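Please read these numbers as outputs of a predicted model, since none were measured by experiment.
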There are 2 protein chains.
Amino acid sequence: MDSPARPPYYARDNQGGSKARDGVSATPGFRPLYRQVYEYLVRQVSEGAWRPGEALPSEQALARELGVSQGTVRKALDALAVEGIMERRQGKGTFIAANTQERSLFKFFRLSRPGGERVTPQRGEEQVRRRAANQGDIARLGLSKGDKVVEIRRIRLVDGEPALFEMIVVPAAVFPDIENRAPLPNALYSLYQSDYGINITTAHEELKADLARKDDAAYLKLSLGAPVLQIDRLAVALDGRVVEWRVSRCDTRNFVYAVTLG
Amino acid sequence: MDSPARPPYYARDNQGGSKARDGVSATPGFRPLYRQVYEYLVRQVSEGAWRPGEALPSEQALARELGVSQGTVRKALDALAVEGIMERRQGKGTFIAANTQERSLFKFFRLSRPGGERVTPQRGEEQVRRRAANQGDIARLGLSKGDKVVEIRRIRLVDGEPALFEMIVVPAAVFPDIENRAPLPNALYSLYQSDYGINITTAHEELKADLARKDDAAYLKLSLGAPVLQIDRLAVALDGRVVEWRVSRCDTRNFVYAVTLG
DNA sequence: GAGTGGTCTAGACCACGCA
DNA sequence: GCGTGGTCTAGACCACTCT
């Protein structure tokens with residue numbers, strides 16, 4: 001299960017017979033079989049073995065191929081489905097989750113009307129430039145001095161009114177030539193997946209209140225000193241790399257940031 | 001599985017033999033067996049069949065008692081563990097999750113230092129009073145005109161400095177006599193569970209930026225017009241009732257609201 | 001009807017905690 | 001050593017989709 005390629009037979013962690021059962025039981029490095037299958041599949045997806053939206057082999061086929069039982073494959077696939085990496089459809093098959101625009105927005109775009117009704121943003125003005133990474137970029141994105149980044153600044157509208165002012169920084173090495181792809185789509189994570197094979201699976205956000213500065217005032221049509229909500233996000237790809245830093249500044253007179261805990 | 005009490009044998013949804021297999025297959029109302037076990041256990045917990053921290057019967061015992069296989073019970077228990085309602089410990093058993101102070105704070109208290117380091121609040125001044133529900137309470141908590149609520153206003157400190165100013169409203173009928181229990185613990189949800197049998201499982205929060213008003217300025221030692229983060233929370237109990245409305249106002253110079261999406 | 005995932009069962013063995 | 005949950009397997013049947 002740890003062999004690199006896509007082997008018809010493979011060596012298991014806990015070696016031997018056909019399960020993790022052979023007396024030895026080297027407790028420390030123990031990793032259950034279904035976990036190994038899970039990691040194998042994550043690796044395959046990271047390496048682009050299947051395209052988004054494409055179907056995987058059936059449970060039976062995978063089980064045969066990997067030499068484990070169908071139940072074990074199922075447990076791995078179920079976990080992947082829970083994490084939103086795959087999508088299972090009874091009667092049809094298991095598919096690599098396509099980060100469609102809507103899907104991606106639903107997951108990571110948390111602005112709503114007060115009361116809970118979700119809204120979807122439209123694209124506004126945007127500026128894209130390539131530049132050297134500064135200290136902040138280096139620390140957050142794990143870069144080295146001298147590395148290049150691409151910085152995107154854009155407005156996002158709701159019902160034609162500016163609602164959000166974003167600054168987005170990504171490593172140029174991870175998204176080659178992205179600075180020449182304007183106009184960028186509303187849901188960037190969709191583009192990251194389809195054009196760069198980068199699956200954003202989680203995002204860490206830190207929120208604070210601030211006062212409108214000159215930029216905010218101009219872009220969001222606010223007066224100086226009006227309250228703005230600042231959302232500072234680090235987006236993590238399937239392979240664990242932090243591949244985007246985003247700071248959004250938001251007028252919360254008409255919208256709120258909505259989240260469910262628990 | 002749908003019978004109310006705690007039956008040694010019970011009637012199944014999809015009736016008949018011993019699984020959901022008897023030709024009829026009335027597709028519409030289909031609910032898998034493990035789901036029925038799940039709902040049965042939720043009902044038991046809601047009704048206080050076991051105390052927080054107490055162990056449930058073993059998988060085998062439950063399976064025997066309910067007349068299903070161990071695997072089916074396991075699937076229900078695993079789901080309950082994922083939702084944090086139960087806690088499973090290999091070699092020991094399955095326990096009703098005890099909403100300890102730390103646990104409850106960890107789950108619902110989202111303030112951190114910028115960068116991610118978690119903090120824990122201390123109790124500050126508090127005022128508790130019983131009053132008639134107003135329109136806002138009625139709408140949010142699903143009450144009727146004339147119902148009573150208990151309102152708690154309190155400060156919470158971090159490192160001795162005021163960080164949070166909270167207004168908490170709960171239905172008096174759900175938490176009888178809570179107004180006479182001062183001083184209230186830091187983690188209220190722990191008290192709700194141990195003294196009232198109310199398990200808070202999820203919370204919906206809406207965040208916005210605002211400017212410090214007179215109250216904020218006084219309690220949080222801010223100047224008027226300083227930015228504050230407002231967190232508007234509805235807390236939902238295991239049985240689906242909204243049992244608390246809480247508005248927190250927060251000074252985010254030293255703290256941020258941290259959340260992970262995905 | 002064939003093929004897929006979804007549910008359910010039964011039984012074996014492993015890892016863990018405790019007496 | 002016993003009892004608990006955790007993993008793994010094998011096989012049956014159900015529900016869904018497409019042809």
Side-chain angles (χ1 to χ4, degrees), chain A residues 1 12-39 41 54-64 66-82 86-97, chain B residues 1 12-39 41 54-64 66-82 86-97:
Chain A
M1 225 29 272
R12 277 187 178 79
D13 244 18
N14 324 299
Q15 93 211 44
S18 59
K19 315 193 186 109
R21 56 174 169 212
D22 21 279
V24 197
S25 93
T27 308
F30 176 74
R31 251 157 68 243
L33 241 195
Y34 74 86
R35 188 66 194 158
Q36 299 177 51
V37 173
Y38 171 94
E39 284 161 9
L41 290 171
E54 190 179 346
L56 273 70
S58 74
E59 294 181 353
Q60 287 287 4
L62 280 171
R64 230 178 8 256
L66 301 175
V68 301
S69 82
Q70 185 183 359
T72 299
V73 170
R74 169 180 294 279
K75 195 159 179 182
L77 290 175
D78 283 344
L80 288 159
V82 165
M86 291 176 185
E87 203 171 303
R88 314 199 69 186
R89 288 200 282 269
Q90 188 173 165
K92 303 191 67 175
T94 302
F95 303 80
I96 303 292
Chain B
M1 225 29 270
R12 278 189 178 77
D13 245 17
N14 323 297
Q15 91 210 50
S18 60
K19 312 190 188 112
R21 54 171 170 219
D22 20 281
V24 197
S25 92
T27 308
F30 176 74
R31 251 157 66 244
L33 241 194
Y34 74 87
R35 188 65 194 160
Q36 299 176 50
V37 174
Y38 170 95
E39 285 161 9
L41 290 170
E54 191 179 345
L56 271 69
S58 74
E59 294 180 353
Q60 288 288 1
L62 280 171
R64 229 177 9 254
L66 301 176
V68 302
S69 81
Q70 184 183 2
T72 299
V73 170
R74 169 180 293 281
K75 197 159 178 182
L77 290 175
D78 283 344
L80 288 159
V82 165
M86 290 176 186
E87 202 172 303
R88 313 199 71 186
R89 288 201 283 269
Q90 188 173 166
K92 302 192 67 176
T94 302
F95 302 80
I96 305 291

Take the protein atom CG of Leu62(A) and the nucleotide atom P of dT4(C), then report the distance between them rounded to whole Å. 11 Å

Establish, with yes or no, whether the OP1 or OP2 oxygen of dT7(C) is under 4.0 angstrom from a side-chain nitrogen or oxygen of Thr72(B). no

Are the charged groups of Lys92(A) and Glu87(A) less than 4.0 angstrom apart, N to O? no

I need the CG-P distance between Leu33(A) and dA15(C), as an integer number of Å. 12 Å

Between C1' of dT9(D) and CG of Leu66(A), the distance in whole Å: 15 Å

In whole Å, what is the span from the CZ atom of Arg35(B) to the C1' atom of dC14(D)? 19 Å

Measuring only between side-chain heavy atoms, which start at C-beta, is Leu56(A) closer than 4.5 Å to Leu77(A)? yes

side-chain hydrogen bond (donor to acceptor under 3.5 Å, both in side chains) against Gln60(B), all qualifying residues, sequence neighbours excluded: Gln70(B)

Taking the side chain as every heavy atom from C-beta outward, state whether Thr72(A) and Leu66(A) have any atom pair closer than 4.5 Å. no

Mind checking whether Val73(B) and Leu41(B) have side chains closer than 4.5 Å, heavy atoms only? no

When you compare the protein's N or O atoms with those of nucleotides 3-6 of chain D, which come within less than 3.5 Å of each other, and at what distance?
| residue | atom | partner | partner atom | Å |
| --- | --- | --- | --- | --- |
| dG3(D) | N2 | Gly91(B) | O | 2.8 |
| dT4(D) | O2 | Gly91(B) | N | 2.9 |
| dG5(D) | OP1 | Thr94(B) | OG1 | 3.3 |
| dG5(D) | OP2 | Glu59(B) | N | 3.0 |
| dG5(D) | N2 | Gln90(B) | OE1 | 3.0 |
| dG6(D) | OP2 | Arg74(B) | NH1 | 3.4 |
| dG6(D) | OP2 | Arg88(B) | NH1 | 3.2 |
| dG6(D) | N7 | Arg74(B) | NH2 | 2.9 |

Within the 4.5 Å heavy-atom criterion, are Leu80(A) and Arg88(A) side-chain neighbours or not? no

